[in-house]
Amino acid sequence: MISDEIRRKVERLREEIHHHDYKYYVENNPEISDYEYDRLVKELKKLEERYPSLQSPTSPTQRVGGMPVERFPTVEHPIPMLSLENTYSKEEIREFERRIHRELPGEDFEYVVELKIDGVSISLIYEDGNFLRGSTRGDGRRGDEITTNLKTIHTIPLKLRKKVRGRIEVRGEIYMTKSGFLSVNKERKEKGEPLFANPRNAAAGSLKLLDPRITSQRPLDNFIYLFPYSTQVPIPSTHMECLEKLKEWGFRINPYLKLCKSIGEVINFCNSWAEKREKLDYDVDGMVIKASSIDQQMRLGSTTKSPRWAIAYKFPAKQATTTIRNIIVQVGRTGALTPVAVLDPTPLAGTTITRATLHNEDEIRRKDIRIGDTVLIEKGGDIIPQVVKVVESKRKGMEKKFSMPKSCPVCGAEVVRLEDEAVSRCIGSSCPAQLREKIAHYAQRRAMNIEGLGDKLIEQLVDEGIVSDVADLYRLDLDTLSGLERMGEKSSRNLLSQIEQSKSQSLSRLIFGMGIRYVGIRGARILAQNFRSIEDLAKAGEEELEAILEIGPRTAQSIVLFFREKRNKELLDRLKKWGVRMKEEKEEKGEIPLAGKKFIFTGGLEHFSRQEVKDLVERLGGRAISSLSSSVDYVVAGKNPGSKYEKAKKLEVRILSEKEFKKLISKRGREDKEVF
Ligand code: IVH
């Protein structure tokens, strides 16, 4: 018999985790630290393992990925999933307007204009507010049921945040972030697996994996943009209200949409995104223009292919053709050799392209890329474009095949390619190219943040033998630095003070800066939270590391190997001798500066992004939360602080200006530079 108390506890934990998932993943506004969150999940998992009858398909523990399947069942879409008619010019947008006016003469229209997310469309079905199943578009009538894979995406609610009776269907797009795509490809490259051509293919490939545990590792996200079906709750009368409702229920809605009252406004809004979209961390291939009134949508109806009430305006393609002048080889931090195509300069989506990455030898062979070839290039999620394919009809027969050099183009050491890897590596232990990359990695803003240590300077330091590992940076003095090219006394002094400051960077930055394979920023933060000193981390075994949520077996193995290596141990000893902080400050001081303090940030801040202040407060032991009550310690009010400011006054919560907040944290010996 399971007591009511246990049942209630499981329910409560689930509700809490759903809530924090929403705050963290959808709103990007976490209320608790990762550490506390992990504790809740662990506790729930333990209870579900102990009392299997309490398991539930909508429990947040189901996100980690269930058992692999042999194939996906096919499901029929009750309402077909149509596609959109494409347009490419403002004239065609005006034609769309004329057409709908012809269909519904004398009526006024309002339009909702949204970003067209370049991903994979999906349908999600909920029953009484619980996620029931999700599927791909397929041929529009029938798609693959991929519920388990979709559950691994944290921004897809397993339970809605409001009571929603009966069945509803929503539709949206699954996409992979551009940054996520880069790291997935980087990892695949290291493992010798074929690379994804762009984030869309990567998202599609990830959704089609038969093992949801692998899908759960992929950086997928979603936006919902349609509410086509409901059995009991009424569908609002405009598309705009539908989106608002969906947002209230916990779905992730893209924030960059606009309600336009005229087609001129629609065109301006579309134009305003042509360049801006490049700054987003997901691919947007156009805009979608929708008549907002649902009644008008119904009366306009659809053709067999697409609705008459909406069209897509597509941005010019991010592809171009050019010629490969040469193929050169670059050497990375781990010694990996990357072939790079030197191209005839060609304009593409706002920049002039001169290089394209070719990844590795296999990739070149697979695509049969030769020097002198005319190629189609594409800007995917990366600033560096990729070669999509060779335009074979342009071959003249003079093109030259490429082969990987047998020795490192930088240090001349042997190049090896392990059997199960696609990458060739320079094995020279003192290869300057590797060293340069290692130092740049250590000094970068997100690691030890040594401002002023640019690529050119690193090159001089390495080439002249002044620095032969990162610990040597701490040996630099004014004489040496100011004797270098382009280094005056002032810039040398500045750099020395930056190097000095880097000694007190946080543990997580140091861990990240060490450049352990597979340990990115987030991984480093999680490790720092769990170990609190480099020594403790170095002592950890694979099992202990793997027990940490989010640290997989491959990362665990890589960490252990890193600390086993004698040279790395010696390097850390030397860094320690130079006074580089090896522990989380909290322990050293025996006090946590903002321990337990609750902060609310409201209004625009001048010096920090929202994420930055949150990270900062959390690092100092406090919590940045979103709901205001009298238990809050500080409300930090930026520009136009809104209603929370008034409420804080009423509740007599201490209100700080941004300046006062900066003082509060620096009084405790900190600077805002420490923010990740
Ligand atoms: S509405 C009847 N809104 O574009 C289809 N679609 O080319 C109504 N898409 O299949 C779709 N962003 O996968 C809509 N904001 C958005 C969209 C969007 C991307 C995709 C969707 C659709 C394709 C049509």
Side-chain angles (χ1 to χ4, degrees), residues 77-88 92-93 96 100 111-124 134-144 146 150 153 155-156 169-178 198-204 206-208 220-229 235 238-244 246-247 251-260 266 269-270 273-274 276-277 280-294 296-315 317-318:
H77 303 301
I79 304 173
M81 287 181 80
L82 303 178
S83 74
L84 289 169
E85 189 192 333
N86 287 331
T87 61
Y88 296 89
E92 283 177 296
I93 299 179
F96 163 73
I100 57 177
Y111 307 94
V112 177
V113 186
E114 298 166 14
L115 301 185
K116 186 167 187 298
I117 315 295
D118 195 8
V120 181
S121 51
I122 44 117
S123 146
L124 307 174
S135 55
T136 60
R137 175 171 180 274
D139 64 6
R141 319 246 147 218
R142 305 153 146 271
D144 287 339
I146 49 164
L150 290 170
I153 301 171
T155 45
I156 292 185
E169 182 188 357
V170 299
R171 291 179 185 169
E173 202 86 351
I174 304 288
Y175 66 89
M176 188 178 281
T177 57
K178 294 190 211 169
N198 51 47
R200 178 175 20 85
N201 287 6
S206 304
L207 283 183
K208 280 198 207 124
L220 298 174
D221 210 329
N222 86 103
F223 286 118
I224 296 299
Y225 46 63
L226 220 56
F227 180 20
Y229 178 75
I235 295 205
T238 65
H239 178 60
M240 200 64 174
E241 289 165 305
C242 286
L243 295 178
E244 274 155 19
L246 295 177
K247 188 161 180 219
F251 292 105
R252 190 158 181 258
I253 310 298
N254 189 285
Y256 305 112
L257 52 91
K258 188 172 181 192
L259 181 68
C260 296
V266 168
F269 188 61
C270 289
W273 274 98
K276 256 193 317 205
R277 70 189 162 125
L280 298 172
D281 196 23
Y282 43 88
D283 274 337
V284 167
D285 60 339
M287 306 293 285
V288 182
I289 303 157
K290 302 172 181 174
S292 185
S293 150
I294 304 293
Q296 285 175 333
Q297 288 186 3
M298 308 272 272
R299 286 185 290 125
L300 285 165
S302 308
T303 68
T304 49
K305 285 199 199 115
S306 50
R308 291 195 193 89
W309 45 266
I311 49 157
Y313 167 69
K314 299 268 282 211
F315 293 125
K318 290 194 282 180

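FYI, side chains are in, hydrogens and waters are out, and symmetry mates aren't considered; it's all heavy atoms of this structure. Atoms within each ligand, like the ligands themselves, are counted from 1 in listed order. Values in this document were obtained by computation on a predicted structure and should not be read as measured data.
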Exercise. Residues two or more places apart in sequence or in another chain: which of them pass side-chain contact (heavy atoms from CB on, under 4.5 Å) with Ser83?
Worked result: Arg137
Can you see which heavy atom on [X] is nearest to which on [Y], and at what distance?
X: Val170; Y: Leu246; value: CG1-CD2, 3.5 Å
X: Gln297; Y: Ala291; value: NE2-O, 2.8 Å
X: Ile117; Y: Tyr282; value: CD1-CE1, 3.9 Å

Exercise. With side chains defined as the heavy atoms from C-beta onward, is the minimum distance between Glu173 and Asn254 less than 4.5 Å?
Worked result: no
Problem set entry | Validation row: Tyr111, Phe269 side chains within 4.5 angstrom (heavy atoms) | no
Contact table, ligand 1 N/O with protein N/O, distance under 3.5 Å:
{"from": "ligand 1", "atom 1": "3 (N)", "to": "Lys290", "atom 2": "NZ", "distance (Å)": "3.0"}
{"from": "ligand 1", "atom 1": "4 (O)", "to": "Lys116", "atom 2": "NZ", "distance (Å)": "3.3"}
{"from": "ligand 1", "atom 1": "7 (O)", "to": "Lys116", "atom 2": "NZ", "distance (Å)": "3.3"}
{"from": "ligand 1", "atom 1": "12 (N)", "to": "Ile117", "atom 2": "N", "distance (Å)": "3.0"}
{"from": "ligand 1", "atom 1": "13 (O)", "to": "Ser121", "atom 2": "OG", "distance (Å)": "3.4"}
{"from": "ligand 1", "atom 1": "13 (O)", "to": "Glu173", "atom 2": "OE1", "distance (Å)": "2.6"}
{"from": "ligand 1", "atom 1": "13 (O)", "to": "Glu173", "atom 2": "OE2", "distance (Å)": "3.3"}
{"from": "ligand 1", "atom 1": "13 (O)", "to": "Tyr225", "atom 2": "OH", "distance (Å)": "3.2"}
{"from": "ligand 1", "atom 1": "15 (N)", "to": "Glu114", "atom 2": "OE1", "distance (Å)": "2.8"}
{"from": "ligand 1", "atom 1": "15 (N)", "to": "Leu115", "atom 2": "O", "distance (Å)": "3.1"}

